[in-house]
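First comes the structure, then the notes that go with it.
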Amino acid sequence: MIRPMKDSDWPRVAEIYTQGLEGGRSTFHTDCPTFARWDAGSVLPGTNSACGRTLR
């Protein structure tokens, strides 16, 4: 299920983002921003999405 990203998604997203930073090839940034800073830096703020599972 793809849905709008929420603040509560950020800890996991930040973990994945940090892994990308450690690899040195995913971005020119050197640190993991806060959710607010990351979202504001998006091409269209507020349009980030998250993928999750739903239990039936």
Identify the two heavy atoms, one from [X] and one from [Y], that lie closest to each other, and give their separation to 0.1 Å.
X	Y	value
Tyr17	Pro33	CE2-CD, 3.7 Å
Thr18	Cys32	OG1-CB, 3.6 Å
Pro4	Asp9	O-OD2, 4.3 Å

Is there side-chain contact between Phe35 and Ser8, with at least one heavy-atom pair below 4.5 Å?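 No, side chains not in contact.
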Is there side-chain contact between His29 and Trp38, with heavy atoms separated by less than 4.5 Å?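 SC-SC contact between His29 and Trp38 ruled out.
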Counting only heavy atoms not in Ile16, do more than 12 sit closer than 6.0 Å to its CD1 atom?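 Yes.
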